[in-house]
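Indexing begins at 1, ligand by ligand and atom by atom, following the structure's order. This is a predicted model, so every value here is computed, not measured.
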Amino acid sequence: MLGLFALALVGYCLTYCYRRLRRQRRHWRLSLENCQESKCIPARNLGNRPFFGVDELWRMYQAYDESRLMEYYNSDFKKSGYTIEQRCMGTSVIRTAEPANVEAILSSRFADWSIKPRRQMTFNYLGEGIFNQDGIAWRQTREILKPLFNQRIYLDLKLFDQHIANFFKLIPPGGGIIDLQPLFYMLTLDVSTEFLFGTSVSSLTSTAFDGSETFGSVFGFGRAFLQSKSPVKQLLRIIEGTKFQDACKRLHHCIDKLIHNELAVKLTFQKPERSNLMQRLTDSFDDHDTIRGQVLNILLAGRDTTASLLSWIFFLLARHSRVLNKLRQEINSTCQQNPKLSHGVLRQMKYLQLVIKETLRLYPAVAANVRTSVSDTILPTGGGSDGSHPVWVPKDTTVMFNVYAMHRRTDLYGDDAEDFRPERWDEPRLMQADLMLRKWGYLPFNGGPRICIGRDFAETEVAYTIVRILQKFSSIQVPEGVEVVKTGQEKQSLTLVMFSADGCKMELGEKVL
Ligand code: HEM
C-alpha cells in the first residue's frame, strides 16, 4: 500500500516537473520571438496572500456584495500598477487597464484569445449566440447580422417616436419623483425589439403578453440571476442549480412565445418591407434553439447596455446643473433652427455628443471584460517592478481588462479624471500625442474584430431620448433626501453591464411640450 502511494507521489512529482519544464521552454521561445531586447517578466502580483489567496477572494466578494466592485478593482490598480496578477487556490488571473494590452487582446493578437469565461457564465441563460460564440461560428453570425445594422433604418428617428411617447405616458403631467432606470429598461426593450423584429413587445404599454409574466420582468429575472453569479457564488453554482435552470426555462419559454406568437405570425401574414433579424435568422439557421439563442444574445447586447447608459447620463446631469443648463441651451438653439430632428441634426449637437462620450468614459456599460488565452501569448506591457516589460501569458490564462479603471487613469485623463466634465474632450489631452493611447485608451464599445455592432444605433437612440426628455420636463434634479456622493463612489451593480444599484431617482418638473 505504502509502495503504491510512494509510486503515485513520484509519478505526480515527475509530471509536475515535466509540465513546468515544458512551460518554461515555451516561455523562453516566445520571449525570444517577441521580446528581443527585454525579456518577459511576470506582472506584479497582489502579494503572497495567506490561505492560498482566499482572503483576497473574500475581499472581492465583500466589495461585490456592497456594490463597490469597480472601486475595489480601481484601488488595486492605483496601489499596484495597471497590470497585476492575482493568484488564488492554484489559479492565476491577470488584471489589466493598459491600452497596449487591451489592443493586443482585442486586435493584434486577437487569435490568441477566446471568450470562454463569458460563454460558461451565460450559456444556460442565453444559449448559442453572437455574444458568447467564438471562431467560425461567431464570424458567420457577425456576417449574417451586419447588413441589418448597415441598413440604418433609424436615421429619420421615426422608429423611436411612439416608444418615447409611451415612456412619457408613464410619468404624471406634474412630473414628480420617479425612478427612471426601470423605465429606461422598458424603453430600450421596446425600441430594440422594434428595430430588430420590425415589431415591438411594447412593454411600456402592456403589463403582460401572456397573461402572467411580462417579457421585461422575465428578462430582468434572468439578469438578476447573472448578477447573483458573483465570483464567489460561481463556486457555489451547484447549490443554486435547479433554481437557475428553472429561471432559464421560464425565460426560454417566454422567448419561444414571443417568437411564435408575436413575431412568426406577423411575419407570415404581414411581410415586412425590409429584412429584419427574425427573417435573417430563420433564413440562416434551421434549429429553433439557435434562433432563440441568437435573439436573446442580441437583445441582451443591445438593450441593457443602452438602458445603463441612459440611466447614468440622467444620474450625472441631475448632479451637474452647469452641464445640464449648457446642454439645454444647445438643444433649444439647435431645435429652433432645425424643428425637424434627424440623425444628422443630433450629430450636429456637439455638446450633446460630448455628454454621451464623457458618460461612457466614467460609466462604460461593459465595465470589465474577460478573455482566456487559447495559446501561449504575450501582453506587451505591465511586467517587472516598473511595469514596462512584456508579460508572458501561458495558454488557458484568464485576463480581465478593466475599461472602467482605464477610463479613470489620471496619467491618461488628468488629475480631474474622476470628474464629469464633457469639455475635456475639446481640450488638449495627455494621451492625444500617442496614437495607441488615443485609439485604445477610450473604449466603451471595444475595438478590433468584435467591436460593438450597434454603436451608431445606440448613440442615436440615446441622443434622441435625451433631447426629448429635456424638451419635455422643465427641470430635472436629485430628489431631496437622496445622498449625493462623489462620482464613482455611488453603489454600482454588475451583471454583464454596470448600472446604478440605487436606480436613477429624479425629481422632474412639469411637462412642457
Ligand atoms: C450604449 C450602448 C452600447 C454599449 C456601451 C455597447 C458596448 C458593447 C461592447 C463593449 C461590446 C463588445 C463585447 C465583447 O466583445 O466583449 C459590444 C458588442 C456587441 N454589441 Fe454593443 N453596445 C451598446 C449597444 C448595442 C446595441 C444597441 C446593439 C444592438 C441592437 C448592440 C449589439 C452588440 C452586439 C451584437 C455585440 C457583439 C459583437 C460581436 O461579438 O461580434 N450593442 N457592445
Side-chain angles (χ1 to χ4, degrees), residues 102 105-107 110 113-119 121-122 126 128-154 159-160 184-185 187-197 200 276-277 280-281 293-313 353 355-372 399-404 406-407 440 442-466 496-499:
V102 179
I105 295 168
L106 296 180
S107 184
F110 180 74
W113 300 92
S114 88
I115 53 155
K116 197 165 134 197
R118 180 157 80 207
R119 190 172 172 86
M121 186 175 156
T122 62
L126 294 180
E128 186 79 34
I130 186 165
F131 207 58
N132 59 27
Q133 283 175 321
D134 256 327
I136 295 171
W138 160 74
R139 220 170 267 284
Q140 277 171 348
T141 306
R142 195 151 168 124
E143 285 309 309
I144 292 167
L145 295 182
K146 245 199 286 182
L148 189 71
F149 289 86
N150 291 345
Q151 290 179 87
R152 306 221 290 172
I153 54 159
Y154 47 85
L159 187 116
F160 309 107
F184 285 141
Y185 271 94
L187 175 69
T188 53
L189 179 64
D190 290 359
V191 170
S192 300
T193 45
E194 169 103 40
F195 170 57
L196 296 168
F197 311 124
S200 171
N276 65 35
L277 177 73
R280 298 197 72 81
L281 292 179
Q294 294 287 3
V295 167
L296 260 172
N297 270 256
I298 297 160
L299 270 183
L300 186 90
R303 184 256 187 154
D304 288 20
T305 44
T306 315
S308 147
L309 173 58
L310 275 167
S311 302
W312 286 117
I313 286 175
Q353 301 302 330
V355 166
I356 298 173
K357 192 167 180 176
E358 177 73 345
T359 308
L360 280 168
R361 182 183 71 82
L362 286 169
Y363 299 101
V366 186
N369 214 323
V370 181
R371 298 286 195 265
T372 298
V399 174
M400 180 209 272
F401 57 98
N402 194 314
V403 175
Y404 179 93
M406 187 169 81
H407 285 180
W440 294 91
Y442 177 73
L443 221 56
F445 295 97
N446 271 9
R450 282 197 99 122
I451 193 169
C452 173
I453 206 168
R455 176 177 187 164
D456 187 61
F457 176 69
E459 287 179 337
T460 310
E461 179 181 358
V462 166
Y464 190 43
T465 307
I466 298 172
L496 287 177
V497 305
M498 178 183 66
F499 56 95

Less than 4.0 angstrom from a charged side-chain N to a carboxylate O is my criterion; do E461 and R303 meet it? no
P364 to M498 - nearest heavy-atom pair and separation: O-CE, 3.7 Å
SB check D456 R152 (cutoff 4.0 Å): yes
Please answer whether the main-chain N or O of K357 pairs with a side-chain N or O of Y442 as donor and acceptor at a distance below 3.5 Å. yes
Kindly assign one of parallel, tilted or perpendicular to the pair F195 and F457, based on the angle between their ring planes and the thresholds 30° and 60°. parallel
Would you mind checking which non-hydrogen protein atom is closest to atom 1 (C) of ligand 1, with the distance to 0.1 Å? L309 CD2, 3.6 Å
Return the set of protein N, O or S atoms whose distance to atom 21 (Fe) of ligand 1 is under 2.8 Å, each given as residue and atom. C452 SG
Starting from atom 12 (C) of ligand 1, find the nearest protein heavy-atom neighbour and note its residue, name and distance. N446 ND2, 3.3 Å
Please report the interatomic distance CG(L360) to CD1(I313), rounded to the nearest 0.5 Å. 7.0 Å
Using a strict cut-off of 4.0 Å, indicate which atoms of ligand 1 neighbour a heavy atom of R142. 38 (C), 39 (C), 41 (O)
R139/E143 salt bridge by N-O under 4.0 Å criterion: no
Distance from atom 40 (O) of ligand 1 to nearest protein heavy atom, with residue and atom: R450 NE, 2.9 Å
Where F131 and A301 come nearest, the two heavy atoms and their spacing: CD1-CB, 4.1 Å
Have Q133 and E128 got a donor and an acceptor in their side chains that come within less than 3.5 Å? yes
Among Y363, W138, F149, whose heavy atom sits nearest atom 29 (C) of ligand 1? F149
Result for salt bridge (Lys or Arg N to Asp or Glu O under 4.0 Å) between D134 and one of R118, R450, K116 points to R450
Just let me know how R371 lines up against ligand 1, side chain, backbone, both or neither, with a heavy-atom cut-off below 4.0 Å. side chain
Report the part of E461 (side chain from C-beta onward, or backbone N, CA, C, O) that has a heavy atom under 4.0 Å from ligand 1; answer both or neither where that applies. neither
Under a 4.0 angstrom heavy-atom cut-off, which atoms of ligand 1 come close to F457? 27 (C)
Which ligand 1 atoms, with their elements, are less than 4.0 angstrom from a heavy-atom of P444? 5 (C), 7 (C), 10 (C)
Find all atoms of ligand 1 within a distance of less than 4.0 Å from any non-hydrogen atom belonging to R118, and give their numbers and elements. 13 (C), 14 (C), 15 (O), 16 (O)
Ignoring hydrogens and geometry beyond distance, is a side-chain donor-acceptor pair present between N369 and R371 at under 3.5 Å? yes
